[in-house]
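Letters go in sequence order (proteins before strands), and every chain restarts at 1. All values below come from the heavy atoms of this structure, side chains included, with hydrogens, waters and symmetry mates left out.
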Amino acid sequence: MSRLEAAQERRAEAGVPGSGPPQASDVLLEVRNLRTYFHVMDGTVRAVDGVDFKINRGGTLGLVGESGCGKSVTAHAIMRLIETPPGEIAEGEIWFDGRDLLTLSDEEMREIRGGDIAMIFQEPMTSLNPVFTVGDQISEAVRLHQKVSAREARDRAIESLRLVGLSAPERRVRQYPHELSGGMRQRVLIAMALSCSPKLLIADEPTTALDVTIQAQILELINDVQAQTGTALLLITHDLAVVAETVQTLAVMYAGRIVETGSVEEVLLNPRMPYTQGLLNSIPGEKKRGKALSAIEGVVPSPFRMPPGCKFQPRCPHQWERCTMEPDLLEVGRSERRARCWLQAPGEIERRRTYDLAAAATVRDVIG
Amino acid sequence: MTAPAGKVSRTVSDEVLIEVRNVRKYFPIMGGILRRQVGQVRAVDDVSIEIRRGETMGLVGESGCGKTTLGRTILRLVPPTAGAIRFRDVDVLALKGDDLKRMRRRMQIIFQDPVASLNPRMPVSDIIGEGLLAQADRENGWGSRPVRDGRVGDYLEAVGLRRSYARRYPHEFSGGQRQRIGIARALALDPEFIVCDEPVSALDVSIQSQILNVLVDLRERFRLTYLFVAHNLSVIEYISDRVGVMYLGKLVELADVDVLYAKPRHPYTIALLSAVPDPDPRIRKKRLVLSGDVPSPANPPSGCRFHTRCWLRERLGNPENCATDDPAFRDIGGGHRVACHWADEITDATVAQFVPRVGRRLDEVRAAAAPAPGAPPPTASVAPPASPPIGRPTSG
Amino acid sequence: MDTTRATDLAGPESAGPAPDYEVGLVSLNQWQIAWRRFRRHKLAMFGAFLFLGIVAAAIALPFIWPFDFYTIPTPKPNCRIGCPPNPDNIFGTTGGLQRDVFTLVVNGARVSLAIGLGAALFGAIIGSIVGGVAGYFGGWVDNLLMRIVDALLSLPLLFVILVIARFLGSGNWLLIMVVFAAFGWPGVARLVRSLFLTLRNEVFVEAARAVGVSSTRIIFRHILPNAVSPIIVASTLAVAGVIVGEAFVSFLGFGVDVTTPTWATPSRTR
């Protein structure tokens with residue numbers, strides 16, 4: 001943590017304008033310049049390398065990207081669940097409800113975890129303890145964060161099981177995890193997460209391990225619950241179709257950075273970054289039948305041998321000399337719509353036009 | 001990637017390559033102190049399909065529906081409990097010893113998990129070369145190391161990898177590259193038929209499309225026949241010629257891909273299609289959400305296995321025969337087969353209500369048919385009933 | 001060898017349009033990786049050096065401080081119950097005959113280590129074969145072999161050895177080693193069986209079966225290499241167990257002949 005503290009001190013001394021809680025009061029979570037590194041045998045993996053985003057109270061943000069892009073590490077960093085060593089939150093600020101989570105003590109953080117911020121994990125099998133009943137596990141979570149009697153906690157458990165649509169919740173609280181199916185377990189985990197009325201719900205690939213028909217149930221549940229309780233939602237997934245149905249704003253990650261943000265409609269219907277376009281293009285379907293899928297060439301670069309400049313440049317079909325310099329998240333038109341791509345730089349009108357044609361064709365093929 | 005992949009350019013012959021007849025596979029459940037058999041999991045229960053030479057047969061269903069077991073049973077990796085399997089005119093189930101080994105050369109498999117399917121202690125050259133060594137005879141000369149290494153290199157190149165990778169170990173590769181190695185292993189034996197068991201499910205989207213391209217390309221180059229098992233409906237739609245839908249060990253619907261996706265007639269197929277999330281953020285569609293989970297295959301429901309979750313049965317006021325009679329897998333025209341007593345109750349309009357793309361297409365067709373001056377027909381009209389003789393069943 | 005591989009990649013084959021970001025520069029197999037990890041692990045390296053030191057001492061030092069059972073040192077009057085360490089006897093001396101403990105330790109190392117390593121090695125080999133066969137083939141073979149293993153495991157090993165030594169007892173250290181190996185393998189067999197049970201269901205084994213690879217080759221090329229690490233760990237622990245066991249049996253007078261020095265000797269020499 002020492003590097004983080006040094007960075008924090010430096011910033012405080014210099015009085016950098018970026019530091020301090022967010023000005024607008026409707027911002028619930030603001031992550032600034034988050035960097036999370038892992039020191040392993042072969043060197044340092046910069047899993048998250050300068051990530052910024054905001055979630056408003058009651059807002060929804062989708063964090064999308066392929067495996068290894070740093071989306072899960074970001075979530076774990078917000079929860080301060082990065083194992084140190086080998087991990088380290090090297091730099092950044094995570095402002096949640098007026099406090100920087102990275103400056104809190106472990107004690108204070110424990111209160112927030114599961115209380116104000118709750119998390120649902122991908123694997124419903126391993127996230128529940130097999131030797132306790134479902135009711136015990138939920139009421140334990142409740143009593144950890146709120147001073148209520150065992151009876152009240154039990155009632156709260158039943159209440160939250162009802163909220164997630166489990167039939168006969170009075171009976172369910174006495175059941176053990178192995179008596180429930182995968183879909184029901186995921187509901188129990190959501191119930192547990194909701195039992196303390198969190199201000200922010202982080203869902204890390206909540207439906208990846210589930211079948212399509214169960215995924216449909218769970219997504220509908222997350223949507224309903226989010227609308228009903230007004231909790232903010234950070235949804236992490238690799239599936240563009242899942243975010244399209246659940247969130248309002250979208251951030252696409254690649255190699256530890258956010259490469260494109262904006263509202264879901266704008267990002268998916270009008271992708272401004274070749275990587276997002278490539279992802280959309282990779283979705284197979286009826287209109288692609290009989291044609292080769294236009295896949296993104298190559299693979300994600302090894303974390304130990306990152307290419308210079310734009311990290312997507314070796315795989316990018318639009319790449320040119322300028323791409324060997326690192327682009328910023330450039331604004332596209334209005335604010336809150338950004339892309340990390342030189343194509344969006346002022347003065348690249350010609351290149352932008354060729355790109356736009358390609359992107360439009362993509363979108364017609366996938367969505368149209 | 002020279003010829004386009006469509007089934008037009010490919011020749012799907014009428015000759016049946018694989019014939020699966022009434023195959024059942026029950027796994028025993030052991031229990032009690034004496035480890036007696038206390039029950040059985042009916043993983044595959046009375047399934048019959050025919051796969052024609054050169055076609056790609058898709059098989060979809062949720063986990064536990066038996067699609068993977070069916071694929072392995074055909075390859076004799078799992079012995080069936082009952083039924084018959086023929087490859088051309090060979091009775092696959094009767095093969096033994098060397099005959100079985102020689103048959104393995106003609107039927108191969110690509111696995112789902114690119115990590116688990118490669119032995120971490122072997123270099124790529126051995127992983128791919130091992131099958132060649134096992135199948136070596138005087139004719140092919142695969143017993144000699146240089147011949148084998150040459151062939152390993154050729155097939156590494158065929159799947160888009162470098163020859164020099166033969167010396168490396170699996171852990172040095174990414175998921176997509178490992179999957180290519182797995183494909184090369186299957187291909188090196190020069191098979192006619194390949195079971196692709198969820199070959200892209202464990203991969204990221206961008207890598208998934210690379211692998212699909214490789215599979216399509218190889219299908220053309222080596223005239224392969226695929227049984228493509230997957231749970232992802234858009235992947236199945238992209239690659240298959242015909243598609244079978246499985247639920248709890250049974251085939252519930254089987255049709256040409258265009259027919260199945262445009263005119264599904266089994267309530268489960270419709271529910272599956274409706275459940276697939278759509279990348280178009282503008283439609284927050286009304287989904288047909290099935291209640292509950294898939295029942296256990298150890299204790300499947302009586303009658304139609306889907307009746308406990310069936311939305312159609314509910315709409316029809318819970319007719320009794322769903323719970324008592326096992327519906328026949330009947331042909332409703334043009335080779336479109338459905339196992340549902342009430343399939344005739346489903347119309348295109350019913351489907352359109354739940355599956356937005358079918359609805360959209362129906363609107364397109366209506367708009368084109370009506371003499372509407374303002375709306376020009378959509379430019380990309382490849383989709384509507386372009387497939388010639390099939391798919392004109394009971395549109396209400 | 002790593003350098004040749006690195007240049008390989010830069011050769012004509014890889015002369016693609018872009019630098020190869022897809023795979024690492026050097027290629028290492030499992031053993032090379034294990035060795036690299038081992039080298040970076042300070043405690044492991046310390047242990048390895050210590051062990052090699054002991055082996056080297058066992059081989060070399062007896063030439064400098066030879067042990068002769070029949071040579072009895074001149075007794076010192078104050079050391080009836082054994083001397084504490086002193087410049088002449090850095091490990092002290094035994095009680096009674098006042099032999100130099102250091103000499104005994106140095107000379108006993110050969111036989112003790114030989115019995116320990118030998119019994120563990122043979123135990124691992126027998127155990128791997130039995131456990132492997134049981135785990136791979138399953139069914140009645142498994143049932144039969146495992147019941148034998150259970151029967152052997154239920155016997156109190158040291159007392160069985162005492163009884164056997166009583167009847168066969170010639171004090172030959174090779175015999176003691178064979179006895180320890182003969183009764184030490186069931187533990188390994190159990191371990192190997194459970195490893196085989198898991199490994200034979202691995203997808204790569206199924207893949208090998210699908211291309212027509214024979215059972216023998218599957219066992220030796222696919223399953224065994226992936227089971228070695230736990231077998232090595234278990235056998236390493238067995239070495240220490242056998243050494244202590246031999247000392248115990250010899251102390252009671254049923255083990256190795258008194259004239260042959262082992263690590264039991266300091267405890268039993270008067």
Side-chain angles (χ1 to χ4, degrees), chain A residues 65-68 167 180-184 207 210-217 219-220 223 238-246 250 263-269 275 278-300 302 315 364-368, chain B residues 1 4-9 61-64 174-177 204-213 216-217 231-239 257-258 261-262 268 271-272 274-285 287-294 296 309 357 378 380 382-383:
Chain A
E66 296 178 282
S67 48
S167 57
L180 307 175
S181 65
M184 292 205 289
T207 58
L210 304 174
D211 278 320
V212 234
T213 59
I214 309 298
Q215 164 169 295
Q217 293 174 4
L219 287 182
E220 199 179 68
N223 272 339
H238 67 278
D239 191 338
L240 288 174
V242 165
V243 283
E245 302 207 350
T246 357
L250 188 58
S263 76
V264 167
E265 281 85 3
E266 286 186 42
V267 175
L268 293 184
L269 297 179
Y275 176 63
L279 277 185
L280 272 169
N281 221 345
S282 302
I283 301 175
E286 52 166 334
K287 300 209 171 154
K288 311 275 184 63
R289 277 182 66 76
K291 295 186 248 176
L293 292 169
S294 36
I296 304 177
E297 295 297 322
V299 296
V300 178
S302 148
R315 304 173 76 188
R364 248 203 325 277
D365 255 13
V366 178
I367 292 169
Chain B
M1 210 73 59
K7 57 179 178 184
V8 201
S9 75
E62 295 178 282
S63 51
S174 65
Q177 290 171 322
D204 275 320
V205 246
S206 71
I207 307 300
Q208 173 178 305
S209 48
Q210 294 176 2
I211 299 297
L212 285 174
N213 281 342
V216 167
D217 172 42
H231 66 269
N232 184 326
L233 285 139
S234 22
V235 168
I236 287 280
E237 179 176 25
Y238 172 71
I239 204 157
V257 64
D258 301 332
Y261 281 75
Y268 177 64
L272 270 186
S274 174
V276 181
D278 199 301
D280 188 341
R282 290 166 303 185
I283 19 168
R284 304 251 161 164
K285 67 181 179 192
R287 279 223 198 79
L288 182 65
V289 174
L290 288 182
S291 59
D293 281 294
V294 183
S296 156
R309 299 171 79 197
R357 31 176 278 194
V382 241

Bottom line for Q215(A): the part with an atom under 4.5 Å from chain B's heavy atoms is side chain
Applying a strict 4.5 Å limit to non-hydrogen atoms, the region of I283(A) in contact with chain B is side chain
Turns out that what part of L212(B) lies under 4.5 Å from chain A's heavy atoms comes down to side chain
Applying a strict 4.5 Å limit to non-hydrogen atoms, the region of Q208(B) in contact with chain A is side chain
Side-chain contact, heavy-atom cut-off 4.5 Å: S206(B) with E66(A)? yes
Side chains of V299(A) and I207(B): closer than 4.5 Å at any heavy-atom pair? yes
* To do: Could you tell me whether a side-chain N or O of Y238(B) sits under 3.5 Å from a main-chain N or O of L233(B), the two making a donor and an acceptor?
  => no
Item to check | Expected output: side-chain Q177(B) to main-chain S174(B) donor-acceptor under 3.5 Å | outcome: yes
